[in-house]
Every structure is written in C-alpha cells, then in structure tokens.
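Written below as structure tokens is the structure these notes are about.
Worth saying up front: this structure is predicted, and the values here are computed from it rather than measured. In the text below, chain A, chain B and the rest are named by the order of the sequence lines, each starting its count at 1.
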Number of protein chains: 4
Amino acid sequence: MAKRTGEKYEAIIDAAVRVIAEFGYHNAQVSKIAREAKVADGTIYLYFENKDDVLISLFSEKMGSFISEAEEAIQHFDSPVEQLHQLIRLHFEYLESDRELAIVTQIELRQSNPEVRQGIGQILKRYLDMIDRIVEDGIKKGLYRSNLDVRMTRKLIFGTIDETVTSWIMNDRKYSLLSQVEPILELFVHGIGHQTREM
Amino acid sequence: MAKRTGEKYEAIIDAAVRVIAEFGYHNAQVSKIAREAKVADGTIYLYFENKDDVLISLFSEKMGSFISEAEEAIQHFDSPVEQLHQLIRLHFEYLESDRELAIVTQIELRQSNPEVRQGIGQILKRYLDMIDRIVEDGIKKGLYRSNLDVRMTRKLIFGTIDETVTSWIMNDRKYSLLSQVEPILELFVHGIGHQTREM
Amino acid sequence: MAKRTGEKYEAIIDAAVRVIAEFGYHNAQVSKIAREAKVADGTIYLYFENKDDVLISLFSEKMGSFISEAEEAIQHFDSPVEQLHQLIRLHFEYLESDRELAIVTQIELRQSNPEVRQGIGQILKRYLDMIDRIVEDGIKKGLYRSNLDVRMTRKLIFGTIDETVTSWIMNDRKYSLLSQVEPILELFVHGIGHQTREM
Amino acid sequence: MAKRTGEKYEAIIDAAVRVIAEFGYHNAQVSKIAREAKVADGTIYLYFENKDDVLISLFSEKMGSFISEAEEAIQHFDSPVEQLHQLIRLHFEYLESDRELAIVTQIELRQSNPEVRQGIGQILKRYLDMIDRIVEDGIKKGLYRSNLDVRMTRKLIFGTIDETVTSWIMNDRKYSLLSQVEPILELFVHGIGHQTREM
DNA sequence: TATGAATGAGATTTCATTCAT
DNA sequence: TATGAATGAAATCTCATTCAT
C-alpha cells in the first residue's frame, strides 16, 4: 500500500530529520512533519505505513545508504587497518557534514519505542557485520592479534565510535569530529597500555 | 515536600524497576507501579515529585549507590590497570546479579524524556570522572601510554562497556557478562594490533 | 491554531450552555460537553485552546454579542433616560428569552477559576462603559443630577440589575423579569425617598 | 460529632480566612488551612463536618456576627433613613477594617460550590430581611415613597452595596470604602434624576 | 482529643490515524 | 493522489477524607 519512492517520500523523510533535530523526538508530531514537508497529514500515510515506518525509513535511507557507500569504499583498501581507518573517517565525515542527521540518529531516535529501535538495529547489523569482516580479515592477515574475540572487538570499535559521536553532539560539536579519527584508531590498534608487548 | 526515604520509598523504586523491566518504559504507568508496590497511586506523590522523579531516583539509587561502592572499592588497589579491571568487574557483576535493573538502565530508561535523561546524565558523570581519574593516574604512573587523550580514552572505556552490557541484554543474556571482563581489559590494554610497538 | 468559527464552534458553545445549565459548572466535563455537541472530545480542541477558552468564548459570544446589539440599539434614542430604559429592557429580554444562558452567566460561571473570571470581566467592561456613557450624557443634558458620581452611579445601576437577574433565577423564575424593568427604572430615577427635592 | 466551639475551632476559621485571602479559593487546600491553623489535617474534621462546613461556618461566624451587631445597632435610630445610613456605614466599616475577610466573602467564596453558596445564602437572608424591615418602616413612616416595591428596593440596596464593595476590592482598595457611604445613601434616597418630582 | 500517612476517584488534553471529499 | 477535519483512547496528578495509633 505504502509507496516507498517519489519526491514526497523523500520530502517527508527530510522534513522528519529537520523537525526531530529542531524540536526533539518527543515533539516531532506527524502533523509538524507534514507541515514541514508541505504535504497534508494524510499524505504521509500514502507513503508510509505509520509514524514508526517514517522513523525507520529515515534511518534506513540515511544510514543505510551511508553503509552501502562505506562498504564500497573500503574495498579499495587492502589493509584491514586502513579499512578500519577509512570506515571511521567516512562515518565521522558523514555525520559531521550533516549535523541535523547526527542529532537525529545519535540522540533523538534512541528515545523511540521498541519497534523503531528494532528496525534501526536491523540496519545497524550491516554496519556491525562490516566491522566483523575487517577484524576477521585483520586477524587472518596477521595485522590484528590472533587471539582477538571478534564479537568483543566489534563492541570495542562500535561502542567507542558511537560514544565519540554522541559525546561530540552533546558538547555542541565544539570541536571537529574528523580530528578524532587518528586518536581513535591509535587507541584501537595500540590500546592504552605502555610497552604492552613486553609486559 | 516529597519524602525521599522510608520503606515505601524503596518499595516504589523496586516496583518501578520490576514493572519497567516487565512491561517496558512505555507501558509503565504510575498506577501499574503503585499496584506493584502495593500502595495507592497518590502515595507515590508523597515520596516523589512526579513520575520523572521516580525514574531519576531509581537511577540515582541503583546506579548512584553502585558508583559509590565502586569508588570505594577501587581505592584498595594501587595499580590503575587493576583499578580498571575491578571497575569493569564490579560493573558487570552488579548488572549480572540484577537482570531487571540491567534491562531498565541499559534499555528502557534510554527511551525516557529529556528531563529524565538529563537527571541520568548527571549521575553518570561521576562514573565518567572515575574513569578519568584511573586513566590520569595510569599515565602518571607510566602504566598507560603517556600520549593518551584522556577524554578519548574515557570514551573507549565507557563506550565499550556500555555496548557490551547492552549487547548482553539484547542477546537475552545467553552468556555470562562476567566472562567478558578479561577480554575487555585485554583489549583496552593491548589494543587490537599485533606487535604494534614495532610497526 | 484554534479555529474560532464554524458550525461546530457554535455547536460546542451551545452544548456547553446546556450542559452547564443542567449539571452545574462543577459537573460540566469536557467529555459531557462533547457528547452533547455530538463531536469527539478532541474536536473541542480544534476550536478552542482549552476548557477555559470554551467558557470565556461562551460568555464572549453570548454576552458580547448582546452588548454589541445593545450598544447599537440605544443609539436610536436621544434621551439618556430612555437609553437606560432600553438597556435594562434589552438585558432582561435577552436573559428571559434564554433561561439556560441566564443560569450559566449569572450563577454557574461565577464559580469558575480566576482565568475565566478575568476573561469575563474584560467582556463586562464594555457593558460598564456603556452605562458610564449614558450617565455622563444624562448629566450633560441636565436629565440626571449634576453632582452624580459616575462611578458610583454605575455601581448602582449594574449592581441592581445584576442582583435582580440573579434573584429572578434563584427564585426559579417564577415571575417575569421584564415586569421588573419599569420598577427598576423608577427607582433609579426617583430614588426611594419621598418628596426628596423639597426636603 | 463536629464540635463547633473552642480555641481550635476559631483558629481553623481564622486560618481559613488568611489562606483563602492569600492564595485564593482554588488554592486553599484543607492541608494548607490546617498548617496555617497549626493543627493536623485530621483535626479539622473533629471540629467541622467537611471542607464546605468550614467555609459556611466561616461566613456564618464572620458575617453572621456582623449582622447581629448591625441589627442591634440600627435599633438605636428611629429614622429609617438614618437606619439605612448606619447599616451601610457599619457594613463598610466592618469590611474596611478586615480586608482579608472582605476578599474572602466578597470575591473568593463566590467561586465555591452550590452547597456552600446555599449556606451563605441562608445567612445573607437575615441581612436582606433587615433591609426589608427598614424599607417597610420607611414607607410606613412616610419617609420613603409609598409605591415602593419592597423586594425591588431591597435588590437596589443590596446589589449596589455588594457591587460597591466588590469594586473596592477589585481596585485594590485604593480609596476609602467609608467615603462611599454618603454618596450611596444620596443616590438611594434621591435617585439619579434631576428635579424628578416636578417632571 | 489529636495526628498525619495513606487513600483512590476523577478529568483535561494530546496526537497518531482515518476517511469522506 | 491528496487533503485535513475529525476521532477517541489513554495517563498523570490532586486533594478531601479516613483511621490506626
């Protein structure tokens, strides 16, 4: 029933991002999104199943397409270390270039109900899988430690990236997110310990 | 006006944890919490300002007291590495021993409104400060790398711990959270890179 | 946001009058008014800001329009005595023809909260101003005593009219309100004293 | 059951006057009155049937005793004109000397529910009867016009006095209420018309 | 007499969704 | 396709009153 393409489909999603970023998740009513998108309230239901569908679609369109781009981009690099480097860089670059989207995906949508969160989780799965592949490849190629627990390593990488972006937004983006790429990678690769290899 | 102590105060908070864990944040009505606590709806307002206050108090009582305990406990260890070890262990131990609380603090309360989230944020600040102190101490004592960015390191540690707990709950706690302590610490200290010092 | 016109706007106001007259101010719930107006509860909030707004609008529509009519009508009379006569007559005629409205404006709305009472007060101001103009005009034309205190005279006129209507309602409207027009005017003009001029 | 005398009985009534005058009828909760009276909430119910009873008793004690005094006082005057004069003077004197009481009886208690209003009405009946007697006496003695409608005259007198006091309070008592005695009486006796006898 | 902690009924308002046009 | 007026369920909080102590 819901038509998932077209000018208005995109207009509604973009309007949702703007409205949620400006007013917050709890003040982003359907009618406000409709007004921002310059369509009638009812029109939204011609393109989306319901409000949850708008939010999940928002995440899917914006982050899903970023993930696809990232998947493609890192294939151009052989080294898993470099792949990780590029993944972080692309992630930060993408969110730094669209601050409204960063607010929405990083802060506001986290307040959503279980249905939306589950939808978001499914989309994020592809991102996590990408991390897994990089880690596994790194181990295989001898660049990452052979005794790494892949799942735990994924949590290290994703959790840190996520916390870094959230923190950057919470601090009103006073500094450049991209400036954090090298420090993060350095931490990932070397850890926090001193002369750890010899210990 | 709100009496913040007493048997019923605790009964209401405990009831809130149980109700939110069972029914989810969006289905945890005041009347349901009251029934679970075996008090009248109005009694809740003798002990709390409003519903938000119940939720913030819940977090404050449960996580605040954990943080105090943790602060005390790690003082018994000199080595910042061991302090970090103990902090992670205590954190996992605490949440693994109270699965309902884990669900509420890791998943459900994140859906709350900005007021509650802010209240939670203030309590978490003490936790983040504790991490900062450990890291700074570790650097000073030469156990952590001298060029560590303390703020970024804090994000690594907190982000990874948080992601690990969330992931454990999302996976229906199929494995032991405590079993993750050593792997996490290992990752924190050594990083993911192989023979990184020589690279 | 609130659309202050239309069929339903009037239906809601009329329903409010009926419900308040029948059940009293304290038992006139929004849902009861909505049911009486044959609209959904929420529809009321498409036409009014809130419940207070319904009550103030009720007074404004009913008494405000009466005041406008009265202002217009008395202009057709030159004599301030006749103007006063007509004002009283119109007032009594209006309320006698709509007994429910009389109950609501004279008795029930007086129990309302300060916000509503203030709204009502502002509308009544125009009525009081009209009395003032008649009195001032009467003094100027030598029909009323030159040493009249206009403000006090206004209180005499308004206070007596108001008390008369209230009393009529309280006595279950056993007599005709219009029958009181001449006696009131007579009292206003001549006072209660006998042969006072010669005293 | 309710003990209608004693130190606390009076303390509660006085507290009610103060609380209602300060916070308004709608913010005069039983617990606030109890606190002001320095008794426990429950104690109020040892002296009064319920909250309505407090309010009616308040009016009864304060205005009832005033009415008794007034009844006694005017008996010392033979002339019904002078009796009216004194009644108005006593009324204004009483309320001007106790501004809190004036606010409560004139403004706040009018917002009360039908039960309280009825209780108040019964007490006021004695006041209205007193006016009736003065008017009837005045007619009999030839001081008031013989064709006066007693009931209407009562409304003139009571309505004007009432409106005058209300207006005085609403204007924040910027002028002296007692200064209005002569102007009112003058209006009552002579009316507003000029040379009306000869007209 | 006096206390005050506890009770619990009850009402306004919001907003996602529908459907006649 | 598009509209937008109408729907109606649902939840927080207040406060008069009670009753065990």
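Counting any heavy atom pair closer than 4.0 Å across all strands shown, D/Phe48 reaches no nucleic acid atom. Counting non-hydrogen atoms under 4.0 angstrom, D/Lys8 reaches the backbone sugars and phosphates but no base.
Within the structure, the side-chain hydrogen bond (donor to acceptor under 3.5 Å, both in side chains) test picks out the following pairs touching residues 113-124 of chain D (sequence neighbours left out): D/Asp52-D/Asn113. Residue pairs meeting the salt bridge (charged side-chain N to carboxylate O under 4.0 Å, His left out) criterion with at least one partner in residues 21-30 of chain C, sequence neighbours excluded, are absent.
Regarding A/Arg35, its CZ atom lies at a distance of 14 Å from the P atom of F/dT3, rounded to whole Å. Between D/Ile12 atom CD1 and E/dT3 atom C1' there is a gap of 13 Å when expressed in whole angstrom units. One atom, CZ of D/Phe23, and another, P of F/dT14, lie 16 Å apart when rounded to the nearest Å. Counting to the nearest Å, the C1' atom of E/dA5 and the OH atom of B/Tyr47 are 7 Å from each other. Rounded to a whole Å, the CD1 atom of C/Ile33 is 18 Å from the P atom of F/dG8. The distance between atom NZ of D/Lys38 and atom P of E/dA2, rounded to the nearest whole Å, is 16 Å. Here the P atom of nucleotide F/dA5 and the OH atom of C/Tyr9 are 17 Å apart, to the nearest Å.
Listed by chain and number, the residues in a side chain to side chain donor-acceptor pair (under 3.5 Å) with D/Lys62 are D/Asp14 (sequence neighbours excluded). With sequence neighbours excluded, no residue satisfies side chain to side chain donor-acceptor pair (under 3.5 Å) with C/Ser65. A/Leu55 meets the side chain to side chain contact (heavy atoms under 4.5 Å, CB included) test with A/Ile20, A/Tyr25, A/Leu109, A/Val116; sequence neighbours excluded.
Annotation: E/dT1 and F/dT21 have their P atoms spaced 22 Å apart (nearest Å).
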Exercise answer: donor-acceptor pairs, residues 99-107 of chain C side-chain atoms, under 3.5 Å, sequence neighbours excluded:
from: C/Thr105; atom 1: OG1; to: C/Leu101; atom 2: O; distance (Å): 3.0
from: C/Gln106; atom 1: OE1; to: C/Arg110; atom 2: NH2; distance (Å): 3.3
from: C/Gln106; atom 1: OE1; to: C/Thr166; atom 2: OG1; distance (Å): 2.9

Contacts table for residues 35-42 of chain D: side-chain donor-acceptor under 3.5 angstrom, sequence neighbours left out:
from: D/Glu36; atom 1: OE2; to: D/Arg18; atom 2: NE; distance (Å): 2.6
from: D/Glu36; atom 1: OE2; to: D/Arg18; atom 2: NH2; distance (Å): 3.2

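Between C/Tyr47 and C/Tyr9, the two ring planes are tilted [angle within 30° to 60°].
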Worksheet item: Based on Watson-Crick and G-U pairs with both distances under 3.5 Å, what dot-bracket line describes DNA chain E 5' to 3', crossing pairs as [ ] and inter-strand pairs as |?
Response: .||||||||||||||||||||
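The line from CE of B/Met63 to OG of B/Ser68 is 11.0 Å long, rounded to the nearest 0.5 Å.
Considering only side-chain atoms of B/Val39, the nucleotide from E/dT7, E/dA6, E/dG4 that sits closest is E/dT7.
Between D/Ile44 and B/Lys3, the one whose closest nucleotide on DNA chain E sits nearer the 5' end is D/Ile44.
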Fill in: Protein proximity profile, nucleotides 13-21 of chain E - base contact B, sugar-phosphate-only contact S, no contact -, cut-off 4.0 Å on heavy atoms
BBSSBB---
